[in-house]
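Read through the structure below, which is laid out as structure tokens, and then see the notes.
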Number of protein chains: 2
Amino acid sequence: MAAYDSTDRAILDRLQSDGRIANVDLAEAVALSPSACLRRVRALEQDGLIAGYRAELDRARLGLDLTVFIELRVGEHSRETAARIEAVLTGIPEIVACHVVSGSADFLVEAAVANLAAYERLLIDQILAIPAIVDARSTFAIRTVKTRGPLPLAQLR
Amino acid sequence: MAAYDSTDRAILDRLQSDGRIANVDLAEAVALSPSACLRRVRALEQDGLIAGYRAELDRARLGLDLTVFIELRVGEHSRETAARIEAVLTGIPEIVACHVVSGSADFLVEAAVANLAAYERLLIDQILAIPAIVDARSTFAIRTVKTRGPLPLAQLR
DNA sequence: GGGGGCGGCGCAATATTATTGCGTGGGAGG
DNA sequence: CCTCCCACGCAATAATATTGCGCCGCCCCC
């Protein structure tokens, strides 16, 4: 399957903003019968277009007040070190996102921690403990204006 | 309400990884009856600890292959310009996350676009069109290793 | 232009799940 | 030791999801 129409778009849009909407309501919103709607949703899931469903938690209320972006530089580049670093970074719970990036840094990671002490432990004990990493530059989120908004489906043809 | 026990933790953890799990199954996973479990979930929602539910879409499959992080610098700082800038940034669909940050930049935004042409339009026509913004430095995600992983609940007391 | 085949739809029956009232037990505080 | 209160489980009811089925419209091939 590879073709998606405006109804699929509408379904995705809706599910992005309310991932737990009842299928009955979703169907009504996109002007389909519940059964047809459900079949489309299942197909979108099967196709991998819908990667999953997540409850979004409030970081501040959880006590994970501090969001930090950390740019990492790697000393020697090789396929093996890259893979190993990725594996380690991925396994650190505090790291909620991680990208290989262009520019002066090699990795850009986003971490959620409780406070500066936790941040220090994360950086010193976990990240800088990775041998190949030679430099880290941290940027603190003072305030989050917008978090993981819906993807801009309207921008697609 | 302000106290959360390990059962709540387990519920949140589970809902983070599967936001659409049936209450029956969630209840079994956390060793509660469905009714008790549902009541806890409702309470967590009511409390705002659960901010919402989202379907997570596959950016690549959607054709939004390009993730860009853009650091913005603001010329004159004032309460009004800050508020106005935030309002504009928030309203741009391609911008999926936006933070006020420490360091050499003032804002860090994450954008999802289809390709370089779309990126250029976003940057030139929308972001740099904001008067107070004097500089933008872009970092491209070459590959995403980990996306919006679950928050590290295990790290909380 | 006229079949024929196919895909997707709605309907309806059935299975699952969510939701609410109610009675009970266990722990905290007096 | 007693009492109160909270959170639980149970059970009945309401809502929702799921599947089979027949139908309709579109596209392709003749």
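Sequence lines set the chain letters: A, B, ... in the order given, protein chains first and strands last, and positions in each chain run from 1.
- When rounded to the nearest whole Å, the span between CG of B:L32 and C1' of D:dA7 equals 10 Å.
- Taking atom CZ of B:R40 as the reference point, atom P of D:dC6 lies 14 Å away to the nearest angstrom.
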I would like to know whether B:F107 and B:V100 meet side chain to side chain contact (heavy atoms under 4.5 Å, CB included); could you show each step before the answer? CA-CA 5 Å; B:F107 288 94; B:V100 176; 3.7 Å; yes

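- Note: CD (A:E45) to C1' (D:dT18) measures 13 Å, nearest angstrom.
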Please assess A:R148 against B:E110 for the test salt bridge (charged side-chain N to carboxylate O under 4.0 Å, His left out), listing each intermediate value before the final yes or no. CA-CA 9 Å; A:R148 194 46 56 121; B:E110 175 182 347; 3.4 Å; yes

Sugar-phosphate or base contact per nucleotide [nucleotides 13-29 of chain C; S, B, -; heavy atom under 4.0 Å]: ----SSSBB--------

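- The nearest pair of heavy atoms linking A:I127 to A:I133 is O-CD1, 3.9 Å.
- Side-chain N or O atoms of A:N23 include one that pairs as donor or acceptor with a backbone N or O of A:P34 at under 3.5 Å.
- Within the 3.5 Å criterion, the main-chain N or O of B:T7 finds a donor-acceptor partner in the side chain of B:D5.
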